[in-house]
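As structure tokens, the structure follows; a few thoughts come after it.
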Amino acid sequence: MLKDRITGAKALMRALQAEGVKTIFGYPGGSIMPVYDALFDYTRGEKKCFDHILVRHEQGATHAAEGYARVSGEVGVAIVTSGPGVTNTLTGIADAMLDSTPIVVIAGQVPITALGTDAFQEVDLVGVAQPISKWSYQIRHAEDVAWAVSRAFYIARTGRPGPVVLDFAKNAQTEEIDWKPCKVDFIRSYVPCPPLDQTAVEQAAALIDGAQRPLALVGQGVELAGAQEELKAFLEKADIPAGRTMLGLSALPSDHPLNAGMLGMHGNYAVNLKEQECDVLIAIGMRFSDRVTGNVKSYAKQAKIIHLDIDRSEIDKNVKTDVAVVADCKASLPALTALIRKNSHQAWRDSFRELDERERIKVIEPAIHPTEGKLLMGEVVNAVAEQAADDAVLVTDVGQNQLFATRYFRYRHKRSICTSGGLGTMGYGMPAAIGATFGAPGRQVCCFMGDGGFQMCIEELGTIMEQQAPVKMILLNNHYLGNVRQWQDMFWMRRKSFTKMLNPCYQLIAQAYGIPYVAVTDRSTLADAVRLMLTTEGPFIMECDIKEEDNVLPMTPPGMSVDQMMLEI
């Protein structure tokens, strides 16, 4: 009987194929070269099973893998070399860890005989990556490849998803082995989906049935579990208004009657204030971030807290819970819905309206329908949202562009938002949008960036050019690091320390990359420019000249309670 003898690099190709990988984002180098040689045959001809996207920086590879994962629900994959190649990925790995994004980063490493010698481009990747990943592991021998890859994907995609890092020694890439596939679907002491505690479900149901002023807080856990329909069934049966975290915005459609708006420091006014009035607060797949709770010492002290989450470590971490249901939302929500009674909380829901109206008059209308002065970020976001496809994906960078975009975009379809929440990574937007175009090839991808974030990963315009990735880039140019400038104005006596930006000519940059471009300096041309951008095939840059001191409101000042939210400065 003939044996199937292959190198460790080719074993990696087969292992990735077995995991259903279709797209890889990467950048070659010396210590990963055997893998790239094997990849050559798997990206062309009869053997083709992967698309490899050559990014222009390794950080871009991880953010692209994140964007791919967020919109597709699959594991994103990045392959890079050792040393600076993989240290460049650490920001993306940390970002994926904080935002529960499933990616697998595979990095080259020096041969095991050179480990510990300070060899060229050697770095202790396992040690560096361990605190910011779900699992990091060094593949030292080719015979471990199939097991390590299967285990990596199992850990990345199950339970609370997250990043996994594989450190692939060069000798393991070139060694020959007899190929044996491996499927890991169990790891001792790792319980990705805790069994549902029916007693906890019953306790939660009793609290909800007895509530007069219930409020749900919906996080990305609903999206990760694919439990959007289960969420709607639960909310509709109990008639509970729901606020959504920034990462959970598309878990419930914007126009759903029970959608109460966005939570957090720059979220909607009514839902934030009502957190301090509700009698039962149901947190679903969210982690009580400081940007949601404000001053945690005064947060929702009047309410009974029910927390539904797959990750036991989140229970009581920031906010003390009265009832914890530790399970996947896909299981816990229908179990809860089956027990609660049909209810109506019309008076409670009506009490949101006066606060909503106050925000509409003081903040929303002036932001999206100004009548004079320079363009505002809110009106640009609104103009794009009005013309974008129903299933358009919003991608943002970080800063004021992110806060305006998430507030004023519209969400009608699940998995419609890619943004850096926990880490707040400037430079995330452009590469994440590239990944999103491959993860959801039939959907419009609208990427909002400030002039600061645009330049953080500007080299990825080369990837967009080469792939003709249809990213619709909306550059909100206010010549400032706008969010920092706003804080300086509000809390640092208007001392604008190094936030003013001297910017390049973005039109010439677009021309250099062969990307269609339009500049918008007057609101009378905004709608036509948006139409041109959205109807032009392939990538497009729309640069908007924004008022320099445009501020994001409402705002809960740092250290303050959520009911101390400001509607004006």
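The structure presented is a predicted model; accordingly, all values stated were derived computationally and were not measured. We count residues from 1, following the sequence as given.
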Does any donor atom in the side chain of [X] or [Y] lie under 3.5 Å from an acceptor atom in the other side chain?
X: Q228; Y: E223; result: yes
X: N88; Y: Q59; result: no
X: N483; Y: Q402; result: no
X: D99; Y: T101; result: no

Please determine whether a side-chain nitrogen of the Lys or Arg among [X] and [Y] lies less than 4.0 Å from a carboxylate oxygen of the Asp or Glu.
X: E176; Y: K10; answer: no
X: R56; Y: E466; answer: yes
X: E74; Y: R157; answer: no

Could you tell me whether the side chain of [X] and the main chain of [Y] form a donor-acceptor pair under 3.5 Å?
X: E58; Y: G26; result: no
X: N401; Y: D397; result: yes
X: Q511; Y: L508; result: no
X: S31; Y: G108; result: no
X: K134; Y: A156; result: no
X: E459; Y: G60; result: no
X: Q138; Y: L166; result: no
X: S250; Y: S416; result: yes
X: K170; Y: G30; result: yes
X: K472; Y: G538; result: yes

Worksheet item: Only one of R485, Q488, Q486 clears side chain to side chain donor-acceptor pair (under 3.5 Å) with T499; which?
Response: Q488
Practice prompt. Taking side-chain contact (heavy atoms from CB on, under 4.5 Å) as the test, write out the residues that go with T321, two or more places apart.
Written response: I305, H307, I315, D316, A324
Worksheet entry | Derivation and outcome, side chain to side chain contact (heavy atoms under 4.5 Å, CB included), residues N503 and H479 | CA-CA 7 Å; N503 288 322; H479 306 281; 3.5 Å; yes
Distance check, rounded to the nearest 0.5 Å: [X] atom [atom1] versus [Y] atom [atom2]?
X: R244; Y: Q220; atom1: CZ; atom2: CD; value: 14.0 Å
X: S150; Y: K183; atom1: OG; atom2: NZ; value: 5.0 Å
X: L125; Y: I93; atom1: CG; atom2: CD1; value: 6.5 Å
X: Q173; Y: Q109; atom1: CD; atom2: CD; value: 10.0 Å

Minimum heavy-atom separation for [X] and [Y], please, with both atom names.
X: P431; Y: E460; answer: CB-CG, 4.2 Å
X: F168; Y: G8; answer: CZ-O, 3.7 Å
X: P102; Y: S100; answer: CD-O, 3.8 Å
X: F25; Y: T23; answer: CZ-CG2, 3.7 Å

Fill in: Validation row, ring centre F404 to ring centre F448 under 6.0 Å
no
Does the side chain of [Y] come within less than 4.5 Å of [X]'s, by heavy atoms?
X: C418; Y: Y428; result: yes
X: M246; Y: R407; result: no
X: I310; Y: V326; result: no

Item to complete: Please test E314 against R160 for salt bridge (Lys or Arg N to Asp or Glu O under 4.0 Å), starting from the C-alpha separation and ending with a verdict.
Response: CA-CA 11 Å; E314 291 296 342; R160 180 178 181 173; 2.7 Å; yes
Practice prompt. Tell me whether the guanidinium CZ or amine NZ of R44 lies under 6.0 angstrom from the six-membered ring centre of F40 and within 45° of its axis.
Written response: yes
Worksheet item: Within 45 degrees of the axis of the six-membered ring of W135 and under 6.0 Å from its centre: does R151 put its NZ or CZ there?
Response: yes
Which pairs of donor and acceptor atoms, one on a side chain in residues 45-55, lie under 3.5 Å apart (sequence neighbours left out)?
| residue | atom | partner | partner atom | Å |
| --- | --- | --- | --- | --- |
| K48 | NZ | D51 | OD1 | 3.0 |
| H52 | NE2 | Y36 | OH | 2.8 |

Worksheet entry | side-chain hydrogen bond (donor to acceptor under 3.5 Å, both in side chains) between T437 and Y68, worked out | CA-CA 7 Å; T437 65; Y68 180 92; over 6 Å; no
Fill in: Test side chain to side chain contact (heavy atoms under 4.5 Å, CB included) applied to C446 and V393, V381, L534, V395, the passing residue
L534
Worksheet entry | Audit row: Y506, Q455, side-chain hydrogen bond (donor to acceptor under 3.5 Å, both in side chains) steps and yes/no | CA-CA 10 Å; Y506 293 109; Q455 293 180 75; 2.9 Å; yes
